[in-house]
Number of protein chains: 2
Amino acid sequence: MSPRPTIKTIAKETGLSTATVSKALNGSPQVRPDTRDKILDVAKKLGYEMNLSGVQLRTGKTHQIAMITVISSPHDDEWGGVGYAQLVYGVSDVLHDTPYRVVQYQASSYEESFDIIKRIVANRKADGIILPGTRVKDKRVEFMQAQDFPFVTYGLTEAEVPHAYVDTHNQRIVSICVERLIAKGHKRIAMLNADMVLMYSRDRENAYRQTLQDAGLKFDPSLVANGELTPAFGREQFFEMSMFDDPPTAYFCANEATAMGVLSGFHVRGYEHGRDAVVIATDDLNVSQYFSPPITTCYLPISKPSQVLGEFMLKLLNGEAPEKLQKLFVPDLIERSSDELRK
Amino acid sequence: MSPRPTIKTIAKETGLSTATVSKALNGSPQVRPDTRDKILDVAKKLGYEMNLSGVQLRTGKTHQIAMITVISSPHDDEWGGVGYAQLVYGVSDVLHDTPYRVVQYQASSYEESFDIIKRIVANRKADGIILPGTRVKDKRVEFMQAQDFPFVTYGLTEAEVPHAYVDTHNQRIVSICVERLIAKGHKRIAMLNADMVLMYSRDRENAYRQTLQDAGLKFDPSLVANGELTPAFGREQFFEMSMFDDPPTAYFCANEATAMGVLSGFHVRGYEHGRDAVVIATDDLNVSQYFSPPITTCYLPISKPSQVLGEFMLKLLNGEAPEKLQKLFVPDLIERSSDELRK
DNA sequence: CAACTTAAGTTAAACGTTTATATTTTTGAC
DNA sequence: GTCAAAAATATAAACGTTTAACTTAAGTTG
């Protein structure tokens with residue numbers, strides 16, 4: 001087994017210097033076309049593949065994209081990471097034919113994720129960072145901006161300076177879903193939402209209030225719950241709210257896991273969907289079509305934003321301006337239930 | 001902003017040579033304890049963190065663990081990667097306080113995954129490989145063994161030479177579940193299983209046949225289905241099998257996604273769980289407790305095997321023998337339904 | 001106390017790249 | 001043909017680390 005070829009091998013083989021080889025491989029215009037071809041031929045013949053640590057040492061380029069995920073407790077809640085996971089796949093997919101790889105950095109809290117980011121930036125452990133789970137005021141975003149470090153968020157923030165982001169159009173989602181419920185005659189609409197430190201939770205709550213107000217309905221804070229979007233959360237909240245004197249007739253869930261929890265609560269308490277109450281949700285895994293019963297959702301396959309996340313990252317690394325790299329996706333309403341309460 | 005400290009900085013600061021600094025940082029015995037302490041102090045004071053590409057260039061150590069995942073089409077089936085995803089989390093978690101990182105390599109077919117592995121090995125792009133989804137005869141495993149490249153599989157193989165692996169005890173799972181169903185009076189038990197090229201599918205089918213035979217029941221090939229373990233697969237198979245003249249009264253599903261699909265089929269066709277048929281499943285996300293109705297499962301939280309996967313990898317890199325690094329987990333039966341058909 | 005061993009450090013080279021600078025070759029004008 | 005300018009290629013240093021080989025100082029032994 002011969003040792004793996006380096007530019008030195010190619011240089012020896014072609015009788016040229018390593019400098020010329022390097023330039024040829026990087027497509028520099030200062031090497032004659034015919035010599036470039038010769039070099040590329042030999043490189044291919046030898047099965048040459050560049051040594052990333054050599055490049056990295058010299059240029060600082062790591063060819064790594066750090067993906068930060070915050071999971072409070074990976075052991076307790078097995079469903080937890082599912083959403084993030086799909087993100088990783090989409091991004092990996094886009095980077096497939098580039099020299100970039102996705103590297104996973106896992107934090108158990110916001111603070112820890114900030115520390116991790118500081119270390120990545122300080123030690124140039126990656127060329128760029130992908131950050132899901134943005135907060136309204138996000139110190140991490142401010143930090144990366146201050147350090148001029150390339151990053152794309154999945155989610156908006158209230159940053160002074162524009163940054164690259166991808167997100168779903170949360171306001172639209174909420175208005176689509178809540179307006180539908182109102183049109184179907186619902187007056188008591190519960191919203192099971194994520195933690196309010198997250199930007200998208202705040203956006204959704206605002207849109208929820210606005211939509212109610214536009215329809216002349218009163219906002220009732222007891223119908224809004226915030227927490228980790230798990231099935232457990234959905235079920236607990238259903239148990240609580242269904243005991244109210246004037247319980248909700250519709251549950252609007254921020255994801256499928258939560259919706260599944262509410263449906264589970266229905267089953268436990270003998271509720272029937274469409275008779276006692278209905279569930280509607282935001283959906284990115286399209287698994288709600290297999291619920292019993294299938295529920296109406298606002299669906300955006302998570303592969304879409306995650307692909308764009310990867311594309312934006314590549315463009316960012318190519319020097320494109322962050323303010324040009326912003327995209328909001330509008331999900332489709334998928335009607336699977338009438339969502340009208342039968343008398 | 002001062003440039004990040006290197007061993008040179010530490011050397012200058014302490015008045016020692018870079019060689020001594022390097023040795024001290026690596027805990028070499030040929031440096032006096034007090035000088036070592038001094039060096040470590042200065043290193044901490046400066047916030048020194050080793051430059052991995054420097055190390056890699058010199059030693060060949062990449063500090064990367066490659067995680068190979070095969071997903072036929074990341075776009076179509078959104079549920080697909082969920083299982084793998086949890087694996088990544090568990091492994092990342094174990095490696096958290098080590099210099100190792102998990103790097104995702106995604107393939108769309110067995111062949112492509114083999115190519116990827118060849119490239120990783122040939123170009124030493126990682127220090128070790130974690131390979132889920134093993135086949136009965138797995139060329140990739142043979143290749144890595146021939147190349148003496150460290151790897152741990154999630155799943156068994158029929159390899160000549162022993163290798164490091166983690167897996168669930170598939171035979172036990174099947175006998176636990178199928179014996180239970182038989183004890184509850186079921187005679188027609190369907191098995192919804194993964195593709196037969198996968199080792200665990202074969203093991204499960206063998207155990208299934210054996211358990212039936214031990215109970216004096218006849219094996220009926222039309223009650224066994226193989227395919228991608230998605231909700232869609234579960235539902236389709238239910239639709240087909242429920243039309244048989246002598247349809248199954250129990251569906252044993254190889255994972256939760258498939259079980260969800262069967263339950264969805266129940267709902268569509270007006271089947272009632274416990275009256276018309278029952279569903280039982282292998283479970284690693286513990287989400288089946290939120291199904292409507294919750295079903296009985298053989299549960300092993302995926303965080304467990306994935307943790308051990310990471311631990312085994314670290315031990316392997318520490319020079320431990322692969323044949324010492326083998327573990328089978330036996331799941332717990334979680335009874336959530338009587339699984340007896342009422343008359 | 002000479003002769004040797006051991007301990008603790010140092011020096012310098014090497015890993016695979018890129019790139020500023022230097023050198024050689026080619027080109028074009030006269 | 002000569003000469004300068006332009007184009008193509010070569011030389012060598014640098015990135016941060018480890019490590020074989022070497023040096024020096026300090027013990028140990030008979």
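Per chain, numbering begins at 1; letters A, B, ... match sequence-line order. Any value given below was found using the heavy atoms of this structure, including those in side chains, with hydrogens, waters and symmetry copies removed.
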Can a side chain N or O of [X] be found less than 4.0 Å away from OP1 or OP2 on [N]?
| X | N | answer |
| --- | --- | --- |
| A:T35 | D:dT9 | yes |
| B:T6 | D:dG16 | no |
| B:T20 | C:dG9 | no |
| A:R32 | D:dT9 | yes |

Where the side chain of [X] is concerned, which of [options] is the nearest nucleotide?
| X | options | answer |
| --- | --- | --- |
| B:L57 | D:dG16, D:dT11, C:dT10 | D:dG16 |
| B:S22 | C:dT17, D:dT9, D:dT19 | D:dT19 |
| B:A19 | C:dT10, D:dT17, D:dT11 | C:dT10 |

I need the [X] [atom1] to [Y] [atom2] distance, nearest 0.5 Å.
| X | Y | atom1 | atom2 | value |
| --- | --- | --- | --- | --- |
| A:L57 | A:T62 | CG | OG1 | 13.0 Å |
| A:I130 | A:Y154 | CD1 | OH | 12.0 Å |
| B:Y105 | B:K125 | OH | NZ | 6.0 Å |

Test side chain to side chain donor-acceptor pair (under 3.5 Å), reference A:S113, set A:Q106, A:K118, A:R140, output is A:R140
For A:R119, does the CZ atom have more than 12 heavy-atom neighbours from other residues, nucleotides or ligands under 6.0 Å away?
-> no
Which whole-number value in Å describes the distance from [X] [atom1] to [N] [atom2]?
| X | N | atom1 | atom2 | answer |
| --- | --- | --- | --- | --- |
| A:Y48 | C:dT17 | OH | P | 3 Å |
| A:H63 | C:dT17 | NE2 | C1' | 11 Å |
| B:I7 | C:dT11 | CD1 | C1' | 13 Å |
| B:N123 | C:dC15 | CG | C1' | 15 Å |
| B:N26 | D:dT19 | CG | P | 7 Å |
| A:K12 | D:dT11 | NZ | C1' | 15 Å |
| B:M50 | D:dT17 | CE | C1' | 10 Å |
| A:K8 | D:dA10 | NZ | P | 15 Å |

On DNA chain C, check which nucleotide each of A:V21 and A:Q30 is closest to and give me the residue with the more 5' one.
-> A:V21
Do the side chain of B:K23 and the base of C:dT10 come within less than 3.5 angstrom through a donor-acceptor pair of N or O atoms?
-> yes
Select from A:D34 and A:T18 the residue whose nearest nucleotide in DNA chain D is closer to the 5' end of that strand.
-> A:D34
Which is true for B:L16 with a 4.0 Å heavy-atom rule: it touches a base, it touches only sugar-phosphate, or it touches nothing?
-> sugar-phosphate
